[in-house]
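Everything quoted here is computed from the prediction, not taken from an experiment. The figures that follow rest on heavy atoms only: side chains count, while hydrogens, waters and symmetry mates do not.
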Amino acid sequence: MSDLIDDPREGENAPEFSVTELSGAIKRMIEGEFSHVRIKGEIGRVSFPRSGHVYLDLKDDRSVIAGVMWKGVAARVSTRPEEGMEVVATGRLTTFPGQSKYQLVIEDLKPAGVGALMVMLEKRKAMLQAEGLFAQERKKPLPYLPEIIGVVTSPSGAVIRDILHRLRDRFPRKVLIWPVAVQGEQCAPQVANAIEGFNRLTPGGAMPRPDLIIVARGGGSIEDLWGFNEEVVARAAAASDIPLISAVGHETDTTLIDFVSDKRAPTPTAAAELAVPVRLDMLAWVEEQGARLTRGLEQGLRQRDQRLRDLARALPRADTLLQTPRQRLDTAADALPRALQSGIQSRRVTLAEKSGGLSDKTLLRMIEIRRQQLGRYGDRLSVDALGRDITRQKDKVRELSRRLSDAGTRQVQTLKDRLASLDRMRETLSYTATLQRGYAVVRGDGALVKTSAEASAATALEIEFADGRLSVGAGGAVASSAPPQPAPEKPKPAPKPKAKKAPPPEQGSLF
């Protein structure tokens with residue numbers, strides 16, 4: 001019997017676990033032992049799904065741990081995870097039973113030291129520079145004397161007091177302060193919101209829009225100034241329509257906002273000096289310009305006065321100008337009485353001559369003559385006289401009509417005779433009339449033949465006579481009769497023009 005029963009092996013009495021039970025036990029053990037850990041490593045793979053969660057890998061030279069940041073944590077942390085960044089992650093370890101994996105649930109994420117921050121800063125700087133946000137041509141000029149200055153800074157620090165004190169000393173202006181956190185996690189979003197808020201203000205509204213923005217902060221470490229290196233701050237400063245001066249840190253401190261701003265000031269006090277000119281200097285400049293203007297006016301008046309004096313010396317004296325007119329006036333005054341007496345005497349003689357012919361008999365005789373003329377005119381204006389005058393005018397019109405008709409008939413006949421004469425001259429000068437006298441026109445190969453050489457060179461000849469054409473070629477002569485041209489209509493008899501010798505026709509050779 002003992003051979004049939006085997007001895008129990010070690011461990012056969014251990015309890016059996018299901019897969020879920022074992023996975024849960026491992027999860028509880030890991031979460032209990034590593035409920036709060038800080039891990040330093042380099043970020044490997046990073047993914048940002050639509051859910052808002054962030055999945056990444058933390059690695060060193062030998063191992064990799066998966067990590068996850070839930071949506072709320074990812075929106076809260078100030079450092080955006082990027083591949084290759086060295087960070088310190090704080091969180092708790094947990095398992096993912098569905099795939100037998102463990103991962104780090106990250107609750108906080110910060111760069112690991114200054115070196116990592118500088119690497120991330122250089123990477124952001126290169127990206128923004130490639131987009132053209134650092135270009136000099138996109139920077140706006142600062143207003144010479146802004147009415148309202150907006151300051152984005154902490155209201156409790158020494159920076160705002162230095163800016164206000166410097167503005168009061170140089171040129172007092174209205175200042176709008178937008179209080180923000182100048183370090184920490186809330187720094188970047190608050191500064192970006194302040195810049196955008198100033199730009200959204202309406203010019204001339206209840207809260208006036210600034211003409212210039214100053215973003216200021218005192219000095220500090222790179223971690224303290226890191227909020228001004230965030231991408232959201234740099235993009236807000238680049239998108240500002242209001243000219244912006246960055247005055248973050250001391251002269252040796254440089255942040256991303258310095259590269260995208262329209263002007264960088266080494267200190268907040270220097271930003272106030274860039275914002276406004278010195279009032280006393282402006283007053284002195286205005287006084288100096290006023291003095292220069294006064295001196296210029298005085299010098300101009302002196303030059304014009306001297307010029308007027310020079311011109312006055314070149315002009316003749318008034319007495320000299322009036323001497324000749326005065327002498328002419330005296331001469332005319334002396335001659336005036338004699339001229340008046342002579343004129344009166346001449347008109348008296350003329351009046352006596354006219355009055356001698358105005359006797360009563362002369363006037364009665366003139367009246368009688370006018371009465372007789374009036375009687376003759378009355379006789380001419382009687383009805384019989386008017387009828388006789390109308391009859392005479394009718395006869396005159398009939399005579400003029402007859403003469404016009406005769407003249408028109410004679411002119412038409414003259415034109416007809418001239419036309420007939422010109423037509424006979426045309427027939428006389430035409431080459432067809434020449435053909436009637438025994439001449440002929442020779443054409444070779446369709447062209448006129450003018451010389452014997454051209455006739456010899458032609459392959460076929462065509463001879464035109466008065467009654468038709470004859471073709472002469474290699475096959476012998478062939479008559480090509482043409483219908484005789486109709487004789488022109490004989491015009492009415494007219495005087496024959498003098499006979500002229502007909503010139504040879506220009507169309508071709510005749511023989």
Check the pair R424 / S421 against side chain to side chain contact (heavy atoms under 4.5 Å, CB included), numbers first and verdict last.
CA-CA 5 Å; R424 287 193 300 273; S421 176; 3.9 Å; yes

Go through the steps for F259 and Q129 under the test side chain to side chain contact (heavy atoms under 4.5 Å, CB included), then give the verdict.
CA-CA 9 Å; F259 295 99; Q129 186 174 10; over 6 Å; no

Test salt bridge (Lys or Arg N to Asp or Glu O under 4.0 Å) on E368 and R371; report intermediate values, then the result.
CA-CA 5 Å; E368 184 63 24; R371 185 181 289 111; 2.8 Å; yes

Would you check, one step at a time, whether the test side chain to side chain contact (heavy atoms under 4.5 Å, CB included) holds for E122 with K125?
CA-CA 5 Å; E122 290 300 324; K125 182 178 177 182; 4.2 Å; yes

List the steps, then state whether side chain to side chain contact (heavy atoms under 4.5 Å, CB included) holds for I213 with S240.
CA-CA 9 Å; I213 298 176; S240 174; 4.1 Å; yes

Apply side-chain hydrogen bond (donor to acceptor under 3.5 Å, both in side chains) to the pair Q306 and R309, showing each step before the final yes or no.
CA-CA 5 Å; Q306 184 64 37; R309 293 177 184 274; 5.2 Å; no

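By the 4.0 Å N-to-carboxylate-O rule, K450 lies too far from E454 to be salt-bridged with it. With respect to the salt-bridge test (charged N to carboxylate O, under 4.0 angstrom), the residues R124 and E231 do not qualify. No salt bridge links E399 with K396; every basic N to acidic carboxylate O contact stays at or beyond 4.0 Å. Ion pair D395/R392 not flagged as a salt bridge, since none of the NZ, NE, NH1 or NH2 atoms sits closer than 4.0 Å to an Asp/Glu carboxylate oxygen. One finds no salt bridge joining R307 and D310 here, because no Lys/Arg side-chain nitrogen approaches an Asp/Glu carboxylate oxygen to under 4.0 Å. Electrostatic pairing of D162 and R166 does not count as a salt bridge here, judged by no charged N lying under 4.0 Å from a carboxylate O.
The line from CG of L256 to CH2 of W226 is 7.5 Å long, rounded to the nearest 0.5 Å. Here I160 contributes atom CD1 and I214 contributes atom CD1; the two are 8.5 Å apart, rounded to the nearest 0.5 Å. The distance from atom CG of D330 to atom CG of D334, rounded to the nearest 0.5 Å, is 7.0 Å. Interatomic distance, T202 OG1 to M207 CE, rounded to the nearest 0.5 Å: 11.5 Å. Interatomic distance, CD1 of I367 versus CD of Q372, reported as 12.5 Å (0.5 Å rounding). Rounding to the nearest 0.5 Å places CZ of R170 at 5.0 Å from CD of E273.
Residues R328 and P325 meet the side-chain proximity criterion, which asks for heavy atoms closer than 4.5 Å. Here the side chains of P210 and I148 are in contact, with some heavy-atom distance below 4.5 Å. In this structure the side chain of W178 never reaches within 4.5 angstrom of the side chain of V151, judged on heavy atoms. Using a 4.5 Å heavy-atom cutoff, the side chains of D389 and Q393 are in contact. Counting heavy atoms from C-beta on, the side chains of R209 and N199 come closer than 4.5 Å. Looking at heavy atoms from C-beta onward, R235 lies in side-chain contact with L128 at the 4.5 angstrom threshold. Within the 4.5 Å cutoff, side-chain heavy atoms of L145 are placed close to those of R173. The shortest side-chain heavy-atom distance between R403 and L400 falls under the 4.5 Å cut-off.
When atom types are taken as modelled, the side chain of T331 and the backbone of Q327 share a donor-acceptor pair closer than 3.5 angstrom. A donor-acceptor distance shorter than 3.5 angstrom exists from the side chain of R217 to the backbone of V182, with no hydrogens or angles considered. Although no hydrogens or angles enter the test, the distance criterion places no donor-acceptor pair under 3.5 Å between the side chain of S346 and the main chain of S342. Without hydrogens or angle criteria, Q190 side chain to V180 main chain gives no donor-acceptor distance under 3.5 Å. A donor-acceptor pair is defined here as one N or O able to donate and one able to accept, closer than 3.5 Å; no such pair exists between the side chain of S405 and the backbone of S401. Listed for the D258 side chain is no donor-acceptor partner under 3.5 Å among the backbone atoms of R264. No donor-acceptor distance shorter than 3.5 angstrom exists from the side chain of R402 to the backbone of R398, with no hydrogens or angles considered.
Nearest heavy-atom pair, A265 versus L274, reported as atom, atom and distance to 0.1 Å: CB-CD1, 3.9 Å. Heavy-atom minimum distance, R279 versus P172: CD-CD, 4.3 Å. The two atoms that bring A237 and I257 nearest to each other are CB-CG1, 3.9 Å, heavy atoms only. Taking each heavy atom of F171 and M282 in turn, the nearest pair found is CE1-SD, 3.7 Å. The two atoms that bring A440 and I463 nearest to each other are CB-CG2, 3.8 Å, heavy atoms only. In terms of heavy atoms, D262 sits closest to R138 at OD1-O, 4.4 Å.
Heavy-atom neighbours of K174 NZ from other residues, nucleotides or ligands within 6.0 Å: at or below the threshold of 12. No more than 12 heavy atoms of other residues, nucleotides or ligands shown are found within 6.0 angstrom of CD on Q411.
The side chain to side chain contact (heavy atoms under 4.5 Å, CB included) test with V276 singles out one residue from I149, D169, L212, and that residue is I149.
Between the side chains of Q323 and R326, no donor N or O sits under 3.5 Å from an acceptor N or O.
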